[in-house]
Structures are given as C-alpha cells and as structure tokens.
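To start, the structure itself, in structure tokens.
Side-chain atoms are counted along with the backbone in the values below, which use heavy atoms only and exclude waters and symmetry mates. Everything quoted here is computed from the prediction, not taken from an experiment.
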Amino acid sequence: RTDYTKLIQIVNSADLGLHFIYEGNANDYIYPFGKVYDTSTLIIEHDYRKVNNRGIYIDVFPLDEQGQTEEEARKVIQRARLLNLLLMESNLRRYHRFSKSILMELPKMMMYPYAIVRGTKYWLKAIDTNAQKYYGLNTRYYGCTVDPNYHTFFKKEWFDKSIDIEFEGRLFSAPVGYDSVLKTNYGDYMQLPPEEKRVSQHHSEAFYK
C-alpha cells in the first residue's frame with residue numbers, strides 16, 4: 001500500500017505522457033484500484049455508466065495486510081467480494097441476469113436497486129475501509145483486497161524481496177515468490193487455455209487522439 005501511494009505521486013509529477021487515476025483524484029471514478037493510462041489515447045468502455053473517456057490503461061492493484069491467520073484473511077476476502085459485487089451493480093448500465101432460475105436470480109435482483117441507491121462513493125469507501133483493516137500491522141497474510149475476484153490471500157514472505165525475471169528479452173522485477181502467487185491465483189498457469197477462451201472479456205474501443 002505504501003509503494004502504491006508513492007507510485008501515484010511519482011507518475012503524476014513526471015512528464016511521461018501518463019496519468020495515474022484513482023478514486024482520490026477523480027470524482028467520476030468507479031474502481032477501487034488505480035489505473036495508469038496513456039494520455040495520447042482514448043478508450044470507450046461500454047459496460048459501465050458514469051465513466052468519462054480516458055486513455056488505454058493498465059490496472060494497478062495495492063497489496064494490503066489481511067491478518068495473522070487464514071481465517072482472518074478469508075473473512076476480509078469474503079466481505080470484499082460482497083462489497084465489490086455491490087459496487088459493480090451500482091455502475092452497470094442495465095441489469096444483467098446471470099441465472100435462468102428465478103430463485104437463484106432473486107437475491108441479485110433485490111441487490112441491484114439497493115446498490116444504486118447507496119451509490120458508487122459509498123461502496124468505494126466501504127471497500128477501502130475493509131482493505132485497510134490491518135494496515136500497518138505487518139501481518140502474515142497479504143493480498144489484493146480491493147479486487148478479490150481475481151486475487152486471494154498470499155504469504156508475506158512471497159513479497160519480502162524482488163528478483164529479476166526475463167520477459168521478451170528484458171529484465172523486470174518480480175516478487176521472489178512469483179511462482180507461488182501465480183499458482184495460488186491460476187493453478188497451472190503455464191498451461192494455455194482452450195483457443196476459444198483466448199478472448200478479451202472487456203467491451204471497449206480504443207483510439208489515438
């Protein structure tokens with residue numbers, strides 16, 4: 001989290017043609033994590049409302065303390081998943097049905113208007129409060145609590161130091177426990193998915209300005 005905050009300041013104070021956007025510097029921002037975007041480009045995202053058009057970006061996820069035990073970490077993650085679902089519902093352009101069963105769908109149908117009434121700012125604050133519950137306590141478990149649908153809890157020692165990893169002919173810093181992180185998230189991450197699943201899940205258009 002400390003490095004995440006530093007990165008915001010570094011990117012936004014340098015003349016790099018980049019901008020770090022997050023909920024603290026944009027009133028219309030709807031995500032609980034930051035994005036660094038290229039100011040010479042434009043991206044239009046079609047899934048969510050209240051999103052002003054900005055540039056092509058990469059997501060930046062902070063890692064937060066999640067407790068000394070797996071039970072504490074799981075509780076933080078479970079709450080984070082519920083809060084993120086409510087945040088997502090509050091920003092959808094229209095209701096999306098996920099189940100053919102009305103009984104399975106009914107709780108989500110009831111959740112949708114409640115999420116909208118509470119509003120984006122409410123859910124962003126709740127997510128941030130939950131994510132930083134153990135801030136500064138140097139706990140055993142860490143993770144990306146602001147976006148727990150793709151991340152779980154990790155052991156602190158996996159991030160104690162960095163090592164250089166070669167990617168396409170260049171060296172990049174990676175956590176010393178990168179293999180454990182990837183296996184925890186994705187299982188056998190060296191196995192390619194079926195060809196029909198190698199498609200983007202985003203509905204957007206991108207342009208140069």
Side-chain angles (χ1 to χ4, degrees), residues 1-66 80-81 83-94 115-116 118-133 135-136 142-151 154 159 162 164-175 178 181-182 185 199-209:
R1 173 67 66 164
T2 303
D3 291 338
Y4 176 83
T5 303
K6 287 180 181 178
L7 184 63
I8 295 172
Q9 297 170 347
I10 291 170
V11 171
N12 289 343
S13 63
D15 185 16
L16 301 172
L18 303 172
H19 184 70
F20 195 125
I21 186 171
Y22 70 112
E23 69 275 11
N25 64 3
N27 288 329
D28 64 326
Y29 195 67
I30 66 171
Y31 301 99
F33 52 86
K35 297 173 182 282
V36 175
Y37 71 85
D38 183 342
T39 57
S40 68
T41 62
L42 179 69
I43 189 168
I44 302 173
E45 298 180 285
H46 297 292
D47 289 333
Y48 299 103
R49 57 188 175 189
K50 297 185 292 187
V51 179
N52 283 342
N53 298 329
R54 295 185 172 91
I56 295 173
Y57 58 82
I58 59 169
D59 297 328
V60 184
F61 301 99
L63 292 176
D64 287 297
E65 296 95 335
Q66 296 178 329
R81 284 178 176 151
L83 292 172
N84 270 266
L85 177 60
L86 290 162
L87 173 66
M88 182 186 71
E89 291 294 315
S90 74
N91 284 289
L92 290 174
R93 289 184 181 273
R94 60 187 183 280
I116 292 176
R118 278 295 192 178
T120 299
K121 291 295 184 183
Y122 177 87
W123 300 119
L124 286 174
K125 183 177 180 180
I127 290 169
D128 186 67
T129 298
N130 180 61
Q132 298 196 57
K133 179 179 180 179
Y135 178 76
Y142 279 70
C144 182
T145 317
V146 297
D147 186 23
N149 295 314
Y150 302 100
H151 306 268
F154 309 122
F159 298 92
S162 63
D164 287 337
I165 298 293
E166 183 178 348
F167 178 73
E168 296 194 354
R170 299 181 64 184
L171 293 177
F172 295 88
S173 292
Y178 74 90
V181 172
L182 291 171
N185 263 2
V199 294
S200 173
Q201 301 300 312
H202 297 282
H203 301 95
S204 58
E205 299 175 88
F207 311 90
Y208 280 107
K209 288 183 178 179

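Checked against side chain to side chain contact (heavy atoms under 4.5 Å, CB included), Ile10 has no partners two or more places apart in sequence or in another chain. Every residue two or more places apart in sequence or in another chain that forms a side chain to side chain contact (heavy atoms under 4.5 Å, CB included) with Val181 is listed here: Phe154, Trp158, Phe159. Under the rule for a side chain to side chain donor-acceptor pair (under 3.5 Å), Arg81 has no partner lying at least two apart in sequence or in another chain. With sequence neighbours left out, the side chain to side chain donor-acceptor pair (under 3.5 Å) criterion links Glu205 to His46. With sequence neighbours excluded, the residues that form a side chain to side chain donor-acceptor pair (under 3.5 Å) with Ser40 are Asp38. Residues meeting the side chain to side chain contact (heavy atoms under 4.5 Å, CB included) test with Thr2, sequence neighbours left out: Lys6, Tyr135. Listed by chain and residue number, Lys35 satisfy the side chain to side chain donor-acceptor pair (under 3.5 Å) test with Asp59 (two or more places apart in sequence, or in another chain).
Counting only residues at least two apart or in different chains, side-chain hydrogen bond (donor to acceptor under 3.5 Å, both in side chains) contacts with residues 13-23 comprise Asn12-His19. Residue pairs meeting the side-chain hydrogen bond (donor to acceptor under 3.5 Å, both in side chains) criterion with at least one member in residues 121-131, sequence neighbours excluded, are Asp128-Gln132.
Scanning all heavy atoms of the two residues, the minimum distance from Ala115 to Leu86 falls at CB-O, 3.3 Å. When all heavy atoms are compared, the tightest approach of Phe20 to Val11 is N-CG1, 3.8 Å.
The number of heavy atoms from other shown groups lying within 6.0 Å of CG (Asp164) is above 12.
The side-chain heavy atoms of Phe172 and Arg170, taken from C-beta on, include a pair separated by under 4.5 Å. Between Thr145 and Gln66, the closest side-chain pair of non-hydrogen atoms falls below 4.5 Å. Residues Thr39 and Tyr37 have side chains in contact (heavy-atom distance under 4.5 Å, counting atoms from C-beta outward).
Between the side chain of Asn25 and the backbone N or O of Ile21, no donor-acceptor pair lies under 3.5 Å. At least one donor-acceptor pair under 3.5 Å links the side chain of Thr41 to the backbone N or O of Ile56.
Remark: Tyr57 OH to Ser204 OG distance equals 6.0 Å, nearest 0.5 Å. Taking CG of Leu87 as the start and CG of Leu124 as the end, the distance is 5.0 Å to the nearest 0.5 Å.
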